[in-house]
K.L.:
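I have a structure I would like to understand better, so I am pasting it below and will then ask my questions one at a time.
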Amino acid sequence: MEFSYIFIGIVAGIFSGLFGIGGGMIIVPFMLSVGMSSHNAIAISVFQMMFSSVFGSFMNYKKRNLNINDGILVGLGGLVGASFSGTIVRLFSDVALTSVFLCLSIIFFLKYAFGIKNVVIQTKRNELQKRLILIGAGTLTGVFAISLGIGGGLLIAPILGYTLGFDSKKVVPISLFFVIFASLSGTISFISSGVINKDIVNAGISVGISSMIGVIIGIKIIEKMQVKAHKKVLLGVYLLSIILTFIGLLRKLEILSF
């Protein structure tokens, strides 16, 4: 299992650097597919996000890809929203959490794949409106993303894209920076709620350290990718997450036995 943690950590790290996600869209479905409960899968995912997000944001800052002011506003919103995550996880059953995760994945996959293409709201916004949108986007994303263990990158990107006109490459560093705040708050919330234990910490560290290697690879790849190629790979991530989560849900419902 240790090798599996290292492998999935590297893969998740690549997608963290490439799409600004915490890695949960990869880690949670993988953990579910090997029979782990939603609560443990989510806890491991959230804990490891601190490694990939801090390291990735540091690299983006050094390369001047990160707008630190926008990132802080989004992050502060995420800090507030994610503080409720531990309570939400306790209120929902294992099957319910898996079902919600699957539904969100399908919704955002369809929206991104078949939504209106290349249409950006060009409404001019003053600085106060922009700040409120950034904070609001972070808060809303933090509430749902950390509770589902997906970090928020894939949720926050369309919000900033449609409301502020940010393209996918511009929002990636902000999304990854957001994950720092959300994962920290989510981890604290999970610990206080009794969701995170010693085994979760050990697994999270293994996955987290491995993800740092993947982040380096992901950031190097995105620097050379075209926007169209970036979108196609992102759709692949959505589809992979949906398939693995669906299999995990069928197992929990005892519809599948393998």
Side-chain angles (χ1 to χ4, degrees), residues 9-26 48-79 82 112 118 120-139 141-142 145 150-185 208-234 237:
I10 292 175
V11 173
I14 292 175
F15 286 102
S16 293
L18 194 54
F19 300 112
I21 62 178
M25 290 292 286
I26 301 297
Q48 72 79 33
M49 287 177 195
M50 292 188 292
F51 292 82
S52 60
S53 58
V54 170
F55 184 68
S57 294
F58 173 72
M59 289 191 64
N60 281 322
Y61 180 75
K62 284 186 63 177
K63 293 176 177 291
R64 298 182 179 180
N65 295 327
L66 172 64
N67 185 319
I68 195 68
N69 293 327
D70 290 350
I72 288 176
L73 291 174
V74 173
L76 289 176
L79 194 64
Y112 193 80
N118 300 320
V120 177
I121 297 176
Q122 298 292 346
T123 305
K124 294 183 178 179
R125 303 187 185 278
N126 59 41
E127 191 63 25
L128 177 59
Q129 290 175 322
K130 178 183 177 182
R131 291 179 180 179
L132 290 176
I133 289 173
L134 289 168
I135 295 173
T139 302
T141 305
I150 59 176
L154 294 180
L155 295 176
I156 205 167
I159 296 175
L160 297 184
Y162 279 101
T163 58
L164 296 176
F166 289 179
D167 62 46
S168 60
K169 283 193 173 185
K170 181 176 180 179
V171 81
V172 164
I174 295 177
S175 297
L176 194 57
F177 188 75
F178 157 84
V179 176
I180 296 176
F181 293 79
S183 61
L184 176 61
S185 181
I209 292 177
S210 303
S211 70
M212 294 168 67
I213 299 173
V215 167
I216 296 175
I217 299 173
I219 290 178
K220 289 184 178 296
I221 292 175
I222 194 175
E223 290 177 341
K224 300 179 180 181
M225 285 187 71
Q226 299 295 322
V227 175
K228 289 184 178 180
H230 187 262
K231 179 176 180 178
K232 289 180 180 179
V233 178
L234 180 55
V237 175

K.L.:
Tell me, please, which residues at least two apart from L132 pass side-chain contact (heavy atoms from CB on, under 4.5 Å).
P.N.:
L128

K.L.:
Return the minimal non-hydrogen interatomic distance between R131 and L73, and the atom names on each side.
P.N.:
CG-CD1, 3.5 Å

K.L.:
For the residue pair I219 and N60, establish whether any side-chain heavy-atom pair is separated by less than 4.5 Å.
P.N.:
yes

K.L.:
I need the minimum non-hydrogen distance between G71 and I174, along with the two atoms involved.
P.N.:
CA-CG2, 4.2 Å

K.L.:
Checking V54 now: which residues fulfil side-chain contact (heavy atoms from CB on, under 4.5 Å) with it, not counting sequence neighbours?
P.N.:
I180

K.L.:
For F55, give me all partners under ring-ring contact (aromatic ring centres under 6.0 Å, His included), at least two apart in sequence or on another chain.
P.N.:
none

K.L.:
Within a 6.0 Å radius of atom CD on Q226, are there more than 12 heavy atoms belonging to other residues, nucleotides or ligands?
P.N.:
no

K.L.:
Determine whether a donor-acceptor pair (N or O, by modelled atom type, separation under 3.5 Å) exists between the side chain of S211 and the backbone of G9.
P.N.:
no

K.L.:
Sorted by first residue and then second, give each salt bridge (Lys or Arg N to Asp or Glu O under 4.0 Å) pair with at least one member in residues 67-77; sequence neighbours left out.
P.N.:
D70-K130

K.L.:
Pairs of donor and acceptor atoms involving the side chains of residues 17-24, under 3.5 Å and at least two apart or interchain, shall be tabulated with distances.
P.N.:
none

K.L.:
Which value, rounded to the nearest 0.5 Å, describes the distance between I209 atom CD1 and I10 atom CD1?
P.N.:
12.0 Å

K.L.:
Roughly how far, to the nearest 0.5 Å, is the OG atom of S175 from the CG atom of L66?
P.N.:
10.5 Å

K.L.:
Does the side chain of S16 come within less than 4.5 Å of L176's, by heavy atoms?
P.N.:
yes

K.L.:
Run the salt bridge (charged side-chain N to carboxylate O under 4.0 Å, His left out) test against K220 and tell me which residues pass, sequence neighbours left out.
P.N.:
none

K.L.:
Can you list the residues that meet the ring-ring contact (aromatic ring centres under 6.0 Å, His included) rule with F51, with sequence neighbours excluded?
P.N.:
none

K.L.:
In Å and rounded to the nearest 0.5 Å, what is the NZ to OG distance from K62 to S57?
P.N.:
14.0 Å

K.L.:
What are the two closest heavy atoms between F177 and I72, and how far apart are they?
P.N.:
CE2-N, 3.5 Å

